[in-house]
*Asks:* 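Here it is: the structure, laid out below.
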Amino acid sequence: MPATIEIAIGAIIVSLAVSIVLGTLAAYRRGLVTDQVIRVVTLVGLSVPTFWLALVSFYVFFLELRIAPGSGRISPSITPPPRVTGLYTVDYLLNGDAVGFFDALAHLALPVMVLSLVTIGLLTRFIRTSVLEVLGSDYVRAARAKGLPAMRVIVDYVLRGASLPILTVVGVAFGALLSGTVLVESVFAWPGLGTYAYNSAANLDLPGIMGVGLVVGVIYLLINFIVDLLYGVLDPRVRIA
């Protein structure tokens, strides 16, 4: 489970950072060339099969260009860190091992990139729609009329107003990342929940399959609960209600 959590957290952080920029830019440039290009890119990201993208990335960046490490969580020459959280990058940092940390981070790069490209397509299109709805609000027009800087209007008014629906989709996407990494983990020989589920199915291990199903269900329950709590943090009206 910690191995899957590690790549899922990395993928959702990268996806959210890129999607906020692309989705907001597409909304502000609605109907222009920038908007059309971003929409095409996100459509491609949603359409490309994950397993194909993982295979191509592994072939190009590892076998051909040799700029990314091979499969697994760390190199064979690196000793695993003392187990604290089960997240290798965090455990290496807690142990003060810079070499191990950067090696684990390098092994994270390709799986995170593949998962991020698929998730970016979903989040960008949804953020664009949410931002477009907020841009027509009276308080956004009032902020512009007062002459506030554009960046402040985007951060303090537009993104905050669109944060609740965005948070809902991020929660669903994070749950999907935690439960749907079977193919990516298989390609990169990542010893996570997806690999365990695949091996359980291949070996007809019924308790293992039931265990994975139970864990995935609990994950979605916890994520939805956390999202509900964050609603009150982002919107005072929810706390009052």
*Asks:* Please assess Val118 against Val48 for the test side chain to side chain contact (heavy atoms under 4.5 Å, CB included), listing each intermediate value before the final yes or no.
*Replies:* CA-CA 8 Å; Val118 177; Val48 173; over 6 Å; no
*Asks:* Which pair of heavy atoms, one from Leu177 and one from Ala11, lies closest together, and at what distance?
*Replies:* CD1-CB, 3.9 Å
*Asks:* What's the spacing between Met113 CE and Leu108 CG if we round to 0.5 Å?
*Replies:* 13.0 Å
*Asks:* Please report the closest heavy-atom contact between Thr4 and Leu193, naming both atoms and the distance.
*Replies:* OG1-N, 2.6 Å
*Asks:* Atom OH in Tyr231, atom OG1 in Thr168: separation rounded to 0.5 Å?
*Replies:* 2.5 Å
*Asks:* With Ser116, which residues qualify under side chain to side chain donor-acceptor pair (under 3.5 Å), at least two apart?
*Replies:* none
*Asks:* Could you tell me the separation between the OG atom of Ser71 and the CZ atom of Phe58, rounded to the nearest 0.5 Å?
*Replies:* 5.0 Å
*Asks:* Would you say that Asp205 contacts Tyr196 through its side chain, given a criterion of any heavy-atom pair below 4.5 Å between the two side chains?
*Replies:* yes
*Asks:* Do Leu63 and Leu110 sit in one hydrophobic cluster, given that two such residues count as connected whenever their side-chain heavy atoms are within less than 4.5 Å of each other, even indirectly?
*Replies:* yes
*Asks:* Any chain of hydrophobic side-chain contacts (each under 4.5 Å) joining Val172 to Ile226?
*Replies:* no
*Asks:* Looking at CD1 of Ile12 and CG of Leu115, how far apart are the two atoms once the value is rounded to the nearest 0.5 Å?
*Replies:* 10.0 Å
*Asks:* For Thr85, enumerate each residue passing the side chain to side chain donor-acceptor pair (under 3.5 Å) test, keeping only those at least two apart in sequence or located in another chain.
*Replies:* Asp91
*Asks:* Shortest non-hydrogen contact from Val112 to Ile7?
*Replies:* CG2-O, 3.8 Å
*Asks:* Say whether, by atom type as modelled, one donor and one acceptor occur between the side chain of Ser137 and the main chain of Val134 under 3.5 angstrom.
*Replies:* yes
*Asks:* Sequence neighbours left out, what passes side-chain contact (heavy atoms from CB on, under 4.5 Å) with Asn199? Give chain and number order.
*Replies:* Thr195, Asn203
*Asks:* As an exercise, state the distance from CD1 of Ile20 to CG of Leu123, rounded to the nearest 0.5 Å.
*Replies:* 9.0 Å
*Asks:* Nearest heavy-atom pair of Ser15 and Ser19: which atoms, and what distance?
*Replies:* O-OG, 2.6 Å
*Asks:* Give the other cluster members for Leu229, using side-chain heavy-atom distances under 4.5 Å between Ile, Leu, Val, Met, Phe, Trp and Tyr residues; answer none if it is isolated.
*Replies:* Phe225
*Asks:* Please answer: with hydrophobic residues joined when any side-chain heavy atoms are less than 4.5 Å apart, are Val44 and Val18 in the same cluster?
*Replies:* yes
*Asks:* Out of curiosity, Asp103 CG to Ile74 CD1, how far, rounded to the nearest 0.5 Å?
*Replies:* 6.5 Å
*Asks:* Minimum heavy-atom separation for Val227 to Gly171, with atom names?
*Replies:* CG2-CA, 4.0 Å
*Asks:* Linking I/L/V/M/F/W/Y whenever their side-chain heavy atoms sit closer than 4.5 Å, directly or via other members, would Phe51 and Leu117 fall into one cluster?
*Replies:* yes
*Asks:* Got a sec: does the CE of Met1 have more than 12 other heavy atoms crowding it under 6.0 Å?
*Replies:* yes
*Asks:* Output the rest of the hydrophobic cluster of Leu221: all Ile, Leu, Val, Met, Phe, Trp and Tyr residues reachable through side-chain heavy-atom contacts under 4.5 Å, sorted by chain and number.
*Replies:* none
*Asks:* Provide the closest heavy-atom pair for Ile127 versus Gly23 in the form atom of the first, atom of the second, distance.
*Replies:* CG2-CA, 4.0 Å
*Asks:* Hey, does Leu93 have a side-chain heavy atom less than 4.5 Å from the side chain of Thr89?
*Replies:* no
*Asks:* Quick one: ring-ring contact (aromatic ring centres under 6.0 Å, His included) pairs with a partner in residues 143-171, sequence neighbours left out?
*Replies:* none
*Asks:* So, using salt bridge (Lys or Arg N to Asp or Glu O under 4.0 Å) as the criterion, who are the partners of Glu185 when residues are at least two apart?
*Replies:* none
*Asks:* Once side-chain hydrogen bond (donor to acceptor under 3.5 Å, both in side chains) is applied, what residue pairs with a partner in residues 51-65 remain, sequence neighbours excluded?
*Replies:* Tyr59-Glu64
*Asks:* Scan residues 4-13 for pairs that pass salt bridge (Lys or Arg N to Asp or Glu O under 4.0 Å), counting only residues two or more places apart or in two chains.
*Replies:* Glu6-Arg73
*Asks:* Check for me, please, whether Ile13 and Val170 land in the same ILVMFWY cluster - side-chain distances under 4.5 Å, paths through other members count.
*Replies:* yes
*Asks:* Keeping to residues at least two apart or across chains, list the side-chain hydrogen bond (donor to acceptor under 3.5 Å, both in side chains) pairs with something in residues 24-43.
*Replies:* Asp35-Arg128
*Asks:* Check each of Val187, Val184, Val114 against Leu53 using the side-chain contact (heavy atoms from CB on, under 4.5 Å) test, and report the only one that passes.
*Replies:* Val114
*Asks:* Listing request: all ring-ring contact (aromatic ring centres under 6.0 Å, His included) pairs with a residue in residues 82-141, at least two apart in sequence or in separate chains.
*Replies:* none
*Asks:* Got a sec, which pairs hit side-chain hydrogen bond (donor to acceptor under 3.5 Å, both in side chains) with one end in residues 144-153, sequence neighbours left out?
*Replies:* Arg152-Asp156
